[in-house]
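Fair warning: this is a prediction, and the values are worked out from it, not measured in the lab. FYI, the numbering just counts along the sequence from 1.
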Amino acid sequence: MGKDVAAGGESNRRPPPPPPMPLGLRLQLIGLSAAIDAVERRDGTVNRALYSVLVEHLMSVRADPSPDAATGAVRSFDFTIDAARGLWARVFAPAAAAPAATPMPVMVYYHGGGFALFSPAVAPFDGVCRRLCGDVGVVVVSVNYRLAPEHRYPAAYDDGVDALRFLDGNGIPGLDGDDVPVDLASCFLAGESAGGNIVHHVANRWAATWQPTAKNLRLAGIIPVQPYFGGKERTPSELALDGVAPVVNLRRSDFSWKAFLPVGADRDHPAAHVTDENAELAEAFPPAMVVIGGFDPLKDWQWRYVDVLRRKGKAVEVAEFPDAFHGFYGFPELADAGKVLQDMKVFVQSNRAARATA
């Protein structure tokens, strides 16, 4: 697992040079950044007409109920949770389990995109979920929560919790339990960037309100990957890496919070700024593995989050990757993208075992 260091331990050092990456990856990141900048308006709204062309048409892929060629084992399909609000999910599951196979853990996944962009159908997130299923050994349920600014806080959190409530009451529609048995008592939440923020808030809500009366679903752990937290303060890592690191910069971060938070709220709102004052953690808050990249402008906020969890007595471990930029694990050509999946597998296996023997 990546090196675990003191919170904010590297923030005051000079920013490292950009990490080496293949030319093809650099071009992908340039294209992704250009698409984001093209659809995000300065007033905190999204040009949905252009978004439908650049993202929904060019970047999205259909679910495939046949095992994919890349892994030879993972299939996907969609199901509806609430058609009235466009709440649905994409499932990634093995083609079939061995006879008498042990039920598989379930991972509910929340995609990134600054709360305002993307869906489970966007190719990079579809690919991540396929690898989570194949490499971590989980059945993945990727949630299509409502997007800001049309649906501000707390819509994404409401959708995230309601997806868990649906699974608790209905299981996973379309998945034959005799074919691929699942263990909803070993349910993990994972997501990157804004999805990592959603993971935290959904887990806390579930632990505080819904876990005591849940029929089947129990949270065994959470994996916020480079979670999107922030505040009015500009941290050393935000200032040092602004315009140097790919994907995230101050302007895009400001847009995301402006689009998502209630009208008139600032970045010290509890949804963004998870501090001692803003982090009333439920007693049953699950164990966490926080993934942090050394080349991520948001890393100072992520270390502060880790520190809050520790000081409040919650189980938390860190997987740190010093050369990783924001969103690195969505690119399988990077060695760290494979390493973090192995860290996740260890976390899932160890925490599932702890729940089973508790």
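Both cation-pi conditions hold for Arg165 and Trp210: the charged atom is under 6.0 angstrom from the six-membered ring centre and inside a 45 degree cone around its axis.
Residue Leu250 is found in a hydrophobic cluster whose other members, listed by chain and number, are Leu239; membership requires side-chain heavy atoms under 4.5 Å apart, directly or through intermediates.
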request  = Check step by step if ring pair (Phe, Tyr, Trp, His ring centres under 6.0 Å) holds for Phe188 and Tyr109.
outcome  = CA-CA 8 Å; Phe188 294 81; Tyr109 179 85; over 10 Å; no
query = How far apart are the C-alpha atoms of Tyr305 and His200, what are their side-chain angles, what is the distance that settles it, and do they pass the side-chain contact (heavy atoms from CB on, under 4.5 Å) test?
reply = CA-CA 10 Å; Tyr305 172 62; His200 165 77; 2.9 Å; yes
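Follow the hydrophobic side-chain contacts under 4.5 Å out from Val61 and you never reach Trp88; the two are in separate clusters. Under the 4.5 Å side-chain heavy-atom criterion for Ile, Leu, Val, Met, Phe, Trp and Tyr, Val244 and Ile292 are members of the same hydrophobic cluster. Linking ILVMFWY side-chain heavy atoms closer than 4.5 Å, directly or via other members, places Val308 and Val202 in two distinct hydrophobic clusters.
A salt bridge is absent between Arg304 and Asp307: the closest approach of a Lys/Arg side-chain nitrogen to an acidic carboxylate oxygen does not fall below 4.0 angstrom. A salt bridge does not link Lys258 to Asp254: none of the charged side-chain nitrogens sits closer than 4.0 Å to a carboxylate oxygen. Taking the charged nitrogens against the carboxylate oxygens, Lys215 and Asp168 have no contact shorter than 4.0 Å, which rules out a salt bridge. Salt-bridge check for Asp158 with Arg85: failed, with every basic side-chain N at 4.0 Å or more from each acidic carboxylate O.
The closest donor-acceptor contact from the side chain of Gln226 to the backbone of Gly327 lies under 3.5 Å. Judged purely by atom type and a 3.5 angstrom limit, Asp336 has no side-chain atom pairing as donor or acceptor with the backbone of Lys339. At distances below 3.5 Å, not a single donor-acceptor pair connects side-chain atoms of Arg75 with backbone N or O atoms of Pro65. Side chain of Thr80 to main chain of Ala83: no donor-acceptor pair is present (N/O by atom type, distance under 3.5 Å, no hydrogens or angles). A distance-only check finds no donor-acceptor pair linking the side chain of Ser76 to the backbone of Phe92 [under 3.5 Å]. Put simply, the side chain of Tyr51 gets close to the backbone of Phe118: a donor and an acceptor are under 3.5 Å apart.
A 4.5 Å side-chain heavy-atom check between Phe285 and Trp206 finds every atom pair outside the cut-off. Val348 places a side-chain heavy atom less than 4.5 Å from the side chain of Met107. Between Arg131 and Pro332, the closest side-chain pair of non-hydrogen atoms falls below 4.5 Å. Asp159 places none of its side-chain heavy atoms less than 4.5 Å from the side chain of His151.
Listed by first then second residue, pairs satisfying salt bridge (charged side-chain N to carboxylate O under 4.0 Å, His left out) with a partner in residues 26-38 read Asp37-Arg251, Asp37-Arg252, not counting sequence neighbours.
Here the rule is ring-ring contact (aromatic ring centres under 6.0 Å, His included) with His273, and of Trp301, Tyr228, Phe229 only Trp301 fits it.
Environment of CZ in Arg62: sparse, with no more than 12 heavy atoms of neighbouring residues, nucleotides or ligands closer than 6.0 Å. Within 6.0 Å of atom NZ in Lys232, 12 or fewer heavy atoms from other residues, nucleotides or ligands are found, so the atom counts as exposed in its surroundings.
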